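First the structure, in the form of structure tokens, and then the observations on it.
These figures come from a predicted structure and were not determined experimentally.
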Amino acid sequence: MAADLAFVTAPDGRAAIVGADVTAIGPAEAIAARAAELDGAGPVRWAWWAATVDAAPLVAARLPISRCWDIAEAHRLLVGGWDATPQSAWATAHGLDRTRLPVPARGDLFDFSSMEPQDTAVVRSDGYLRPDAGAAQWRPDDTSLVAWGQAALDCAARQSALLAEVSPRSVGAAHSESAAAYLCVELTRDGLPIDRAVATRLIGEWAGPRPDTEAQARETRAQRDALVLRHAPGHEHTDLRNPLQVKDLLASVGVVVPNTRKWVLEPFRDTHPLVKALLEWRKAERIATTYGYPWLDAHVGPDDRLRGGWTACDGAAGRMTAQNGLHNLPTGLRPAVAAHPGHLFVRADLGQIEPRVLAAVSGDETFAAATRADDLYAPVASRLGVERSVAKVAVLAAMYGQRSGAAGEALKGLERAYPVAMAYLDRAYAAGLRREPLRTFGGRLIPLDAILADVPVEGTAAYDAARGRFARNAVIQGSAAELFKAWAATVRATTRDLGAQIVLCLHDELLVHVPAEHAHEVRRRLMVALDDSARRWTGSTQVRFVADASVVERWSDAKD
DNA sequence: TTGACCACGTA
DNA sequence: CGTACGTGGTCAAC
């Protein structure tokens with residue numbers, strides 16, 4: 001059975017619990033309290049359509065739910081992409097064509113065509129879910145809301161059966177993806193602890209003092225611009241925020257470039273003082289515009305927590321995403337991420353996760369043997385008879401598809417030494433060229449018929465190659481994301497009795513906020529959680545995963 | 001107001 | 001070496 005009990009909500013603030021022996025319906029707060037009793041009485045796996053919607057009352061009540069089935073996340077595993085409405089998930093689970101979903105009736109009071117005979121039913125006579133169910137305008141009566149819960153249980157069970165056909169591992173993936181989705185709601189609620197004084201000081205160093213008036217803001221901007229423009233007399237009216245004008249400005253001092261991107265300008269840093277000043281300006285401008293005082297005011301709450309929305313998977317390979325700078329905070333601002341009084345951070349990142357994941361997903365026993373070393377590249381280098389740095393570049397080139405540079409000889413060595421792993425990557429690349437869908441290790445479908453963003457024109461060889469690289473990268477990146485989420489879910493479940501709270505997930509890095517007296521025990525459990533989740537995920541102990549974990553006051557602090 | 005493009009931060 | 005994401009700027013089209 002995929003789940004024991006469904007917990008579903010209605011837009012008007014009611015919730016329902018539905019199971020074989022239980023039915024409860026009422027105000028969400030009361031039903032959440034009933035859920036707490038049931039969850040405390042014994043192990044329960046909860047089903048819901050989507051954590052952001054249905055689990056909101058449970059997260060608000062700070063319930064430590066650890067076992068759930070998120071229909072949206074399971075659907076994303078099954079078919080790939082990001083769309084995962086209840087209607088779409090239901091259709092897929094029941095073998096119905098999800099490209100032919102019934103269209104919602106127009107919200108017209110006099111549109112009686114939308115009134116089906118059985119208006120309380122959530123499933124239509126043609127087998128599809130009614131289109132308005134679960135939508136913000138839906139006003140189900142109690143009978144409909146209970147039916148909504150029964151539909152969730154049914155849908156979860158069918159999804160579980162479909163995933164089991166993909167692989168037994170996929171059912172486990174659905175569990176950890178579901179837990180990650182619940183964690184995302186908690187992350188959105190809790191935010192990242194910030195030292196506001198340090199944040200303000202750092203912003204001030206880059207962006208200048210906090211302006212009281214618009215005139216002051218203009219003056220600060222003008223001063224920042226002047227540091228660049230003084231190097232180009234006669235061009236003082238150049239708008240540095242306009243790349244075309246910047247290109248002309250650079251040409252006027254003899255620096256002719258196709259565009260003004262940082263990596264293009266970097267080689268010219270010392271050829272003219274204007275270039276250096278411009279690169280410095282860009283850095284300051286980035287802080288001032290994206291991570292300046294408006295950002296601090298908008299996203300750091302009165303409790304000194306930086307908040308943004310979290311999602312459990314993106315639309316491509318399945319990594320977590322976060323908004324408001326949580327995933328791309330410049331390293332220069334990280335000293336501002338600080339544990340609150342009486343607390344410490346346990347900070348841990350997975351070492352060399354992608355090559356280790358390659359060893360796991362490809363089943364290459366020789367490459368797996370290399371993962372038993374703390375530094376995976378050391379045994380690879382010795383086997384290839386090359387320097388460590390060469391071995392590293394070759395492995396990364398193999399995984400990501402190098403187009404420039406020369407890893408050639410070492411790549412040939414990799415083909416000879418680890419043919420199984422290399423063949424896995426080649427197959428993914430070839431599938432990408434043929435537009436054949438792939439699956440990650442945990443079974444997430446990676447459709448390859450979609451239009452890729454920011455790539456060459458369709459129909460060209462360059463476009464095909466871009467698709468091949470995407471495919472090769474996605475099976476590694478996506479599988480790594482699954483292991484990471486399994487680890488994060490395990491850490492969450494095994495440390496919360498100590499008051500630990502995961503406050504940041506960054507692809508291969510975890511930041512846990514914990515009462516100071518429990519920090520070292522949380523660090524220990526975090527390492528145990530990695531061993532456990534890696535063993536469950538890979539189904540063996542052949543591939544070793546390693547984490548670098550330390551107890552720190554600030555995110556930026558040196559590792560122990 | 002919206003979308004394309006540029007640019008850049010993170011992994 | 002590659003891929004992915006989110007954000008803010010300007011500009012052109014609506």
* So, A:Asp557 and A:Arg554, do they make that salt bridge, N to O below 4.0 Å? -> no
* Once you round to the nearest 0.5 Å, how far does CG of A:Leu530 lie from CG of A:Leu483? -> 6.5 Å
* Asked: Looking at CZ of A:Arg269 and NZ of A:Lys276, how far apart are the two atoms once the value is rounded to the nearest 0.5 Å?
  -> 7.0 Å
* Quick one: which of C:dA4, B:dA11, B:dT10 gets closest to the side chain of A:Thr331? -> B:dT10
* **Within-4.5 Å side-chain heavy-atom neighbours: A:Ile476 and A:Leu425** => yes
* Could you state the CG-P distance from A:Leu396 to B:dA11, rounded to the nearest angstrom? -> 15 Å
* **A:Leu344 vs A:His340 side-chain heavy atoms within contact, under 4.5 Å** => no
* To do: Remember a base hit wins even if backbone is also touched, and classify A:Ala322 as base, sugar-phosphate or nothing at under 4.0 Å, heavy atoms.
  => sugar-phosphate
* To the nearest angstrom, how far is A:Arg444 atom CZ from C:dA4 atom P? -> 15 Å
Short N/O separations, protein against nucleotides 8-10 of chain C, under 3.5 angstrom:
from   : atom 1 : to       : atom 2 : distance (Å)
C:dT10 : O3'    : A:Asn242 : ND2    : 3.3

* From the options C:dT7, C:dG2, C:dA4, select the nucleotide whose nearest atom is closest to the side chain of A:Phe470. => C:dA4
* **Parallel, tilted or perpendicular: rings of A:Trp310 and A:His327 (30°, 60°)** => perpendicular
* **Integer-rounded Å distance: B:dG9 P and A:Trp295 CH2** => 15 Å
* **Between P of C:dC1 and CD of A:Gln352, the distance in whole Å** => 19 Å
* To do: Tell me what A:Ala317 touches on the nucleic acid: a base, only sugar-phosphate, or nothing, going by heavy atoms under 4.0 Å.
  => nothing
* A:Met422 side chain near A:Arg416 side chain, heavy-atom distance below 4.5 Å -> no
* Is any side-chain heavy atom of A:Arg196 closer than 4.5 Å to a side-chain heavy atom of A:Val300? -> yes
* Interatomic distance, A:His507 NE2 vs B:dA11 P [rounded to whole Å] -> 8 Å
* Asked: Which part of the nucleic acid, if any, lies within contact of A:Gln323, taking any heavy atom under 4.0 Å across all strands shown: a base, the sugar-phosphate backbone alone, or nothing?
  -> sugar-phosphate
* Which ones in residues 257-283 of chain A lie close to DNA chain B, meaning a heavy atom under 4.0 Å from one of its atoms? -> A:Asn259, A:Thr260, A:Arg261, A:Lys262, A:Arg282
* Report yes if a side-chain nitrogen or oxygen of A:Asn328 is closer than 4.0 Å to either non-bridging phosphate oxygen (OP1 or OP2) of B:dA11; otherwise report no. => no
* Distance (rounded to the nearest 0.5 Å) between A:His237 NE2 and A:Leu249 CG -> 13.0 Å
* Quickly work out the A:Arg334 CZ to B:dT10 P distance and round it to whole Å. => 6 Å
* To do: Measure the distance from CG on A:Asp314 to C1' on B:dA11 and round it to the nearest whole Å.
  => 12 Å
* Looking for any heavy atom pair under 4.0 Å, which part of the strands does A:Ile476 touch: base, sugar-phosphate only, or nothing? -> nothing
* Asked: Rounded to the Å, how far apart are A:Arg319 CZ and C:dC5 C1'?
  -> 8 Å
* **Distance under 6.0 Å and angle within 45° of ring axis: A:Arg169 vs A:Trp537** => no
